[in-house]
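Below you'll find the structure, written out as structure tokens, and then a few comments.
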Amino acid sequence: MLDIKILRHDAERVRKALEARGSRVDTAVFARLDEKRRALIAASEELRRERNAVSAEVAARKRRSDDAADLIERMASVNAGIRELERDLDAVQGEVDAWMLEIPNLPHESVPVGKDENDNPEVARNGKPPVFTFTPKEHWELGEGLGGLDFQRGAKLAGSRFVLYRAWAARLERALVNFFLDVHTREHGYTEILPPLLVNSKTMTGTGNLPKFAEDLFRITDWDYWLIPTAEVPLTTMYAGEILDETMLPLAFTAQTPCFRSEAGSHGKDTRGLIRMHQFTKVEMVRCVHPDRSFEELELMRGHAEDLLRRLELPYRVIVLCTGDMGFAATKTYDLEVWLPGQNCYREISSCSNCGDFQARRADLRFRPAGGGKPEYLHTLNGSGLPVGRTLAALLENGQQEDGSVRLPEALHPYMDGLTVLRRDV
RNA sequence: GGAGAGGUAGCGAAGUUGGCCGUAACGCGCUCGACUCGAAAUCGAGUUAUCGGUUAGUCCCGGUACGUGGGUUCGAAUCCCACCCUCUCCGCCA
């Protein structure tokens, strides 16, 4: 949610910033609603003030056993007025809220202006794509060939975009989860959380997934439960409604969870392989930080994700999402893209975003400054560190050998009981 | 699922025959000050959030908030209804 004061006093800035995102917003609508809302508040509060005063007078008379019938009679019209004004206010407030919840975050000034993913500048690159003396296969071919990925049975059990892991693949999934969590908790200073995988509407609204993106989510029939599309949702809103001590900042949480996404609107995209599933495991990083530090924290967190790719010896590049390609809640986003030899291109493997105070306002995440004083909204960041399925795909494609076996990077050997090469029989 | 108890400031807790009871008794914690060489102890003072008006900002004025949402009433922490959550016991269960 945007700061309502910015909308009031600098609507033009909002309009321009959102235009860069490719999202048009009619700030005049807001101005009109806001004005109406404030007038209704002022009017109804005036009547409430009167009611309070008269009620106090009634109480005083009753204590003296005096008659108060005239006052009570007078209150009938005051109460009718309050009822009417508040009914109107509720309606207007509802409109304002709905409007505010649909407005995306403003891009930070350092974000390049652009239209879509073709305008995302590359800012860093690491590792060299491996050179093969044969035509590299795609990961699903390797995975199926080695008996680890069973897309057919996944589809039988649940449908398309589901997969079943077997033997070394299931083991590798678990190894990656442990590896990621170990690095984050031991070296990067994150606290591991195991959150609920179902959350309510309020929680989903806090991160910005609702109300606008309901169609991207799975929900439970007859319950106010939604399946999380990422651990970002519960991790970011853990402290919703609370006022933290500044000394608690920065908070750094990591969690591995299944993630559930409807992938509505991506029919025909990445229909094969592990890239786009309805269910996938991801290790997520979330940071709740002092507003003055959030952009430094973004660099830090991006480094944490990069660290994992380096240790896995996976070639990758880093891009900044341009204004037109950013997510709803983000004010700045880096995407890490891993090299997939089978697909002969870089594919997104981590998205690290600074959401500024956008989610903090929605979820009411605040801290009290160390010197005392008014609570302030903190800033929230989230980043994948890393999605397990896509990492597994990258490992298969980058480590493949001519006979279809796959070399594992050294970092994973201890997590695989010393196994260094994936073969059909492991 | 059944029975009972409860939800009030950072924590504990008082307030239920409706009316100076909401900055909210009392205690703890925290902050500042006094005392002290320093500390403890003691004493004193301070310590909710939010919205609207006003403001450069503070102050100030007013509204709201006693789990949530409704209702009754001139007036609700207090009475009524629904729901949520926590605890205890019973049942069931990985």
Side-chain angles (χ1 to χ4, degrees), chain A residues 1-10 30-101 194-206 210 220 222-226 234 237-249 251 258 288 291 357 360-378:
Chain A
M1 209 143 60
L2 298 184
D3 184 351
I4 201 163
K5 289 201 188 88
I6 298 178
L7 266 165
R8 254 178 223 154
H9 301 305
D10 205 353
F30 169 78
R32 206 160 52 239
L33 285 173
D34 186 47
E35 200 176 326
K36 197 167 156 195
R37 171 181 159 267
R38 288 197 280 174
L40 286 169
I41 288 172
S44 81
E45 286 189 352
E46 174 55 26
L47 286 185
R48 280 176 178 275
R49 191 194 59 72
E50 181 176 354
R51 180 170 76 187
N52 289 343
V54 173
S55 286
E57 179 58 21
V58 170
R61 287 204 201 169
K62 295 245 164 160
R63 267 197 302 279
R64 295 194 303 265
S65 304
D66 288 351
D67 181 58
D70 56 322
L71 293 178
I72 291 173
E73 196 179 331
R74 193 176 119 207
M75 289 304 288
S77 69
V78 172
N79 276 328
I82 292 176
R83 260 196 302 280
E84 192 180 333
L85 285 168
E86 301 219 315
R87 205 187 52 229
D88 293 351
L89 179 59
D90 280 352
V92 172
Q93 185 71 55
E95 284 185 71
V96 171
D97 291 346
W99 194 88
M100 292 291 289
L101 288 173
L194 202 160
L197 307 180
L198 306 182
V199 299
N200 57 34
S201 301
K202 189 177 177 191
T203 298
M204 278 295 183
T205 306
L210 287 180
I220 306 293
D222 297 334
W223 294 77
D224 184 27
Y225 287 150
W226 302 76
T237 52
M238 268 170 59
Y239 288 98
E242 302 186 34
I243 299 173
L244 307 175
D245 231 46
E246 183 178 337
T247 54
M248 293 170 72
L249 305 181
L251 294 169
C288 295
D357 64 5
R361 286 179 186 281
R362 286 179 163 245
D364 192 18
L365 297 162
R366 293 178 293 170
F367 71 96
R368 194 178 296 281
K374 287 281 168 199
E376 293 178 40
Y377 289 108
L378 45 78

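Considering only side-chain atoms of A:Arg51, the nucleotide from B:rG75, B:rG52, B:rG19 that sits closest is B:rG75. Each of B:rG63, B:rA49, B:rC51 was ranked by its minimum atom distance to the side chain of A:Arg37; first place goes to B:rC51. The side chain of A:Ala42 sits closest to B:rG52 out of B:rG52, B:rC74, B:rA49.
Contacts of A:Leu71 with the nucleic acid, taken as non-hydrogen atoms under 4.0 Å apart, are absent. Using a 4.0 Å heavy-atom cutoff across all strands shown, A:Val54 reaches no nucleic acid atom at all. Among the heavy atoms of the strands, none lies under 4.0 Å from A:Arg74. Heavy atoms of A:Arg8 sit under 4.0 angstrom from primed sugar atoms or phosphate atoms, though from no base atom.
Regarding A:Ile41, its CD1 atom lies at a distance of 14 Å from the P atom of B:rA65, rounded to whole Å. At whole-Å resolution of the value, CZ in A:Arg61 and P in B:rG75 are 16 Å apart. Taking atom CG on A:Asp90 and atom C1' on B:rG69, their separation rounds to 12 Å, with Å as the unit. Between the CD1 atom of A:Ile82 and the P atom of B:rG62 there is a distance of 16 Å, rounded to whole Å. Straight-line distance from the CE atom of A:Met248 to the C1' atom of B:rG10: 12 Å, rounded to whole Å. Rounded to whole Å, atom C1' of B:rA49 lies 16 Å from atom CZ of A:Phe367. Straight-line distance from the CD atom of A:Glu46 to the P atom of B:rU64: 12 Å, rounded to whole Å. Residue A:Leu244 contributes atom CG, which lies 15 Å from atom C1' of B:rA49 at whole-angstrom precision.
Salt bridge A:Glu46/A:Arg49: present, at least one basic N to carboxylate O contact under 4.0 Å. The existence of a salt bridge linking A:Arg74 and A:Glu50 is confirmed by a sub-4.0 Å separation between a basic side-chain nitrogen and an acidic carboxylate oxygen. Comment: A:Arg37 engages A:Asp34 in a salt bridge, judged by a side-chain N to carboxylate O separation of less than 4.0 angstrom.
For A:Arg368 and B:rA49, the shortest distance from a side-chain N or O to OP1 or OP2 is below 4.0 Å. In terms of phosphate contacts, A:Arg38 brings a side-chain nitrogen or oxygen within less than 4.0 Å of OP1 or OP2 of B:rG53. Residue A:Asn79 places at least one side-chain N or O under 4.0 Å from the OP1 or OP2 atom of B:rG75. Side-chain nitrogen and oxygen atoms of A:Arg366 include at least one within less than 4.0 Å of the OP1 or OP2 phosphate oxygen of B:rU50. Taking only side-chain nitrogens and oxygens, A:Asn52 comes nearer than 4.0 Å to OP1 or OP2 of B:rU64. Contact between the side-chain N/O atoms of A:Lys374 and the OP1/OP2 oxygens of B:rU58 is not found at any separation under 4.0 Å. An OP1 or OP2 oxygen of B:rU64 is reached within less than 4.0 angstrom by a side-chain nitrogen or oxygen of A:Arg48.
Rounded to whole Å, the separation between the P atoms of B:rU16 and B:rC93 comes to 45 Å. Distance noted for atom P between B:rC59 and B:rA49: 11 Å (whole Å). Straight-line distance between the P atoms of B:rU47 and B:rC61: roughly 15 Å, to the nearest whole Å. B:rG12 and B:rC74 have their P atoms separated by 38 Å, with the value rounded to a whole Å. Going from the P atom of B:rU88 to that of B:rC83 covers 23 Å, rounded to whole Å. The P atoms of B:rC20 and B:rC35 are separated by 42 Å, rounded to the nearest whole Å. Rounded to a whole angstrom, the distance from the C1' atom of B:rC66 to that of B:rC30 is 23 Å. Across the P atoms, B:rG27 and B:rA13 are found 16 Å apart, a figure rounded to whole Å.
In a base pair of the Watson-Crick type (N1 to N3 plus N6-O4 or O6-N4) or a G-U wobble (N1-O2 and O6-N3), with each distance short of 3.5 Å, B:rC20 is matched with no nucleotide. Figure legend. B:rC83 is base-paired to B:rG67; pairs are counted as Watson-Crick or G-U wobble with both atom distances under 3.5 Å. When Watson-Crick and G-U wobble pairs are counted only if both distances are under 3.5 Å, B:rG62 pairs with B:rC51. In a base pair of the Watson-Crick type (N1 to N3 plus N6-O4 or O6-N4) or a G-U wobble (N1-O2 and O6-N3), with each distance short of 3.5 Å, B:rU31 is matched with B:rA45. Under the Watson-Crick or G-U wobble criterion, with both distances below 3.5 Å, B:rU88 is paired with B:rA3.
With 3.5 Å as the limit, one finds no donor-acceptor pair spanning the side chains of A:Ser55 and A:Asn52.
Taken from CE in A:Met248 to CZ in A:Arg368, the straight-line distance is 13.0 Å, to the nearest 0.5 Å. One distance of note links OH of A:Tyr225 with CG of A:Leu198; it measures 7.0 Å at 0.5 Å rounding.
Mapping A:Met75 and A:Pro375 onto RNA chain B by nearest heavy atom places A:Pro375 closer to the 5' end of the strand. Mapping A:Tyr377 and A:Glu73 onto RNA chain B by nearest heavy atom places A:Tyr377 closer to the 5' end of the strand.
Here the side chain of A:Asp245 pairs no donor or acceptor atom with the backbone of A:Thr247 at under 3.5 angstrom.
Enclosure of atom CD in A:Glu242 by more than 12 non-hydrogen atoms of other residues, nucleotides or ligands within 6.0 angstrom is indicated.
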